[in-house]
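Take a look at the structure set out below.
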Amino acid sequence: MKRILLCVLAAAWGLAAIGCSAPDSQPSASEKEFAKLYKQYSDRFHDKIAREADTLKPEQMAAEASRLWQETFGPHKALLKQRAAELLKDLDPAPAIVESAEKVDGQPSCTVGGKVYIEIASIARDPKASAPQGDVAKHLLWNPMGAAQMALNNWLAVLLDQRAFAIRSLASNHASLTWEALDKNVDRPRLVLRQGPVLFAMDLLRADDYYQVDKMRWLKEKSAGSVLSPEPKPPAAPAAPVKPSEKPAEKPAETPAPVKPPEKPAEKPAETPAAPTK
């Protein structure tokens, strides 16, 4: 749970930067408007937290962020969609993922950039699942890259062991990873994140004014080893049956030790009556 919370906070910390253009580009009118509204949201949130943080639980803090985001950006859904479209447009195109009908080492496989990749794991959202109940963290999910990064971090926190998860997080801190796009459709974007010989493919769906992750895939180059993607463990071989002659001799039942009767306490001698007083 602690690792998942850290992932959420890390994703939130980077969202402001994700919403801005590169320093050498001229900001668009929508980016300027977004920046103005985001400053209002951020100022209101931090002003409240600075005064009430000692009395707020983490879930209350998250609920307050959702409330203030809705108050600030709720009337500006068209602006959020435009910013999401602009951010997707700025992404580099990702190499096509060509699916293969053949399995490699018992795993689904595909070809990316002429190299064979095997699928380490995948997960998909149930299309019949009901909409999330309660406050949705739209302040973390308003753009596709932020939503994809948060979902991926939480997924890997479950799949990776503690050492591999720590290595991945530390490596990403030293060299940020870059999102690429298989499809820049603002309503159904498809993104790819590459980390060395590992690829993470993400299919998303825009739900009103935030993004949900429909599917995640974890792919690795067939010929490359990586501590971040251990090979699937083969099924354990069944235990060999034990022959009758190999059965250990049964231990004879032990004869219970006789129970020693409790010792009768020594009787206290009768006291000699005291001599009569003269």
Side-chain angles (χ1 to χ4, degrees), residues 1 4-21 27-91 125-155 157 179 184-191 202-216:
M1 179 63 69
I4 294 177
L5 178 60
L6 290 175
C7 293
V8 171
L9 294 177
W13 184 83
L15 287 182
I18 293 174
C20 301
S21 299
S28 64
S30 60
E31 183 178 350
K32 291 179 180 179
E33 181 64 16
F34 175 87
K36 182 181 73 174
L37 291 173
Y38 193 93
K39 185 177 185 303
Q40 294 176 14
Y41 157 75
S42 179
D43 287 347
R44 292 179 64 193
F45 174 76
H46 287 291
D47 180 64
K48 184 175 182 64
I49 297 306
R51 290 183 286 106
E52 302 180 17
D54 289 341
T55 62
L56 292 178
K57 297 179 180 179
E59 59 270 21
Q60 292 174 319
M61 189 179 297
E64 184 64 17
S66 295
R67 184 185 70 82
L68 292 174
W69 179 271
Q70 185 63 27
E71 287 184 2
T72 307
F73 284 96
H76 302 280
K77 295 181 179 181
L79 172 66
L80 290 176
K81 185 172 184 177
Q82 184 176 353
R83 283 301 299 137
E86 292 170 348
L87 295 172
L88 287 167
K89 183 179 178 181
D90 289 340
L91 297 182
R125 186 175 63 88
D126 184 355
K128 298 180 182 179
S130 57
Q133 300 297 318
D135 294 326
V136 177
K138 296 179 181 180
H139 56 293
L140 305 179
L141 306 175
W142 68 271
N143 79 68
M145 284 72 75
Q149 186 68 68
M150 190 168 72
L152 177 60
N153 286 351
N154 291 342
W155 189 41
W179 288 99
K184 298 183 180 183
N185 183 334
V186 70
D187 293 313
R188 288 186 173 273
R190 300 180 63 214
L191 307 177
M202 318 279 289
D203 293 357
L204 296 95
L205 170 68
R206 185 174 180 82
D208 195 14
D209 54 348
Y210 69 96
Y211 284 91
Q212 297 176 340
V213 175
D214 268 352
K215 184 177 180 180
M216 293 187 284

Considering all heavy atoms, the nearest [X]-[Y] contact:
| X | Y | result |
| --- | --- | --- |
| Ala148 | Met202 | O-CE, 3.2 Å |
| Arg190 | Asp203 | NE-OD1, 3.2 Å |
| Met216 | Val213 | CG-CG1, 3.5 Å |

If I take atom [atom1] from residue [X] and atom [atom2] from residue [Y], how far apart are they, to the nearest 0.5 angstrom?
| X | Y | atom1 | atom2 | value |
| --- | --- | --- | --- | --- |
| Gln82 | Glu31 | CD | CD | 11.0 Å |
| Met61 | Ile49 | CE | CD1 | 4.0 Å |
| Leu68 | His46 | CG | NE2 | 10.5 Å |
| Phe34 | Leu87 | CZ | CG | 8.0 Å |
| Tyr38 | Arg83 | OH | CZ | 13.0 Å |

Can you pull out every salt bridge (charged side-chain N to carboxylate O under 4.0 Å, His left out) where at least one residue sits in residues 66-75? Sequence neighbours excluded, please.
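Passing the test, one end in residues 66-75: Arg44-Glu71, Glu64-Arg67, Arg67-Glu71.
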
If only atom types and distance count, is the side chain of Lys138 paired as donor or acceptor with the main-chain N or O of Gly74 below 3.5 Å?
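No, the answer is negative, given that no donor and acceptor are paired below the 3.5 Å cut-off.
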
Can you name the residues that form a side-chain contact (heavy atoms from CB on, under 4.5 Å) with Arg206, not counting sequence neighbours?
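In terms of side-chain contact (heavy atoms from CB on, under 4.5 Å), with neighbours along the sequence ignored, Arg206 is linked to Leu80, Lys81, Ala84, Asp187, Asp209, Tyr211.
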
List for me each residue that meets side-chain contact (heavy atoms from CB on, under 4.5 Å) alongside Lys89, sequence neighbours excluded, and say none if there are none.
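Partners of Lys89 under the side-chain contact (heavy atoms from CB on, under 4.5 Å) test: none.
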
Leu204 and its side chain to side chain contact (heavy atoms under 4.5 Å, CB included) partner, picked from Asn185, Leu191, Leu141, Asp214:
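Going through the options one by one, the only one that passes is Leu191.
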
Evaluate the side-chain proximity of Gln149 to Met145: yes if any heavy-atom separation is below 4.5 Å, no if none is.
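The answer is no, as the side chains (C-beta and beyond) never meet within the 4.5 Å cut-off.
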
When the aromatic ring centroids of Tyr210 and Trp69 are compared, is their separation below 6.0 Å?
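Tyr210 vs Trp69: aromatic centres not under 6.0 Å.
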
Give the ring-plane orientation class for Tyr41 versus His139, where under 30° counts as parallel, over 60° as perpendicular and anything between as tilted.
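Answer is tilted, since the angle falls between 30° and 60°.
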
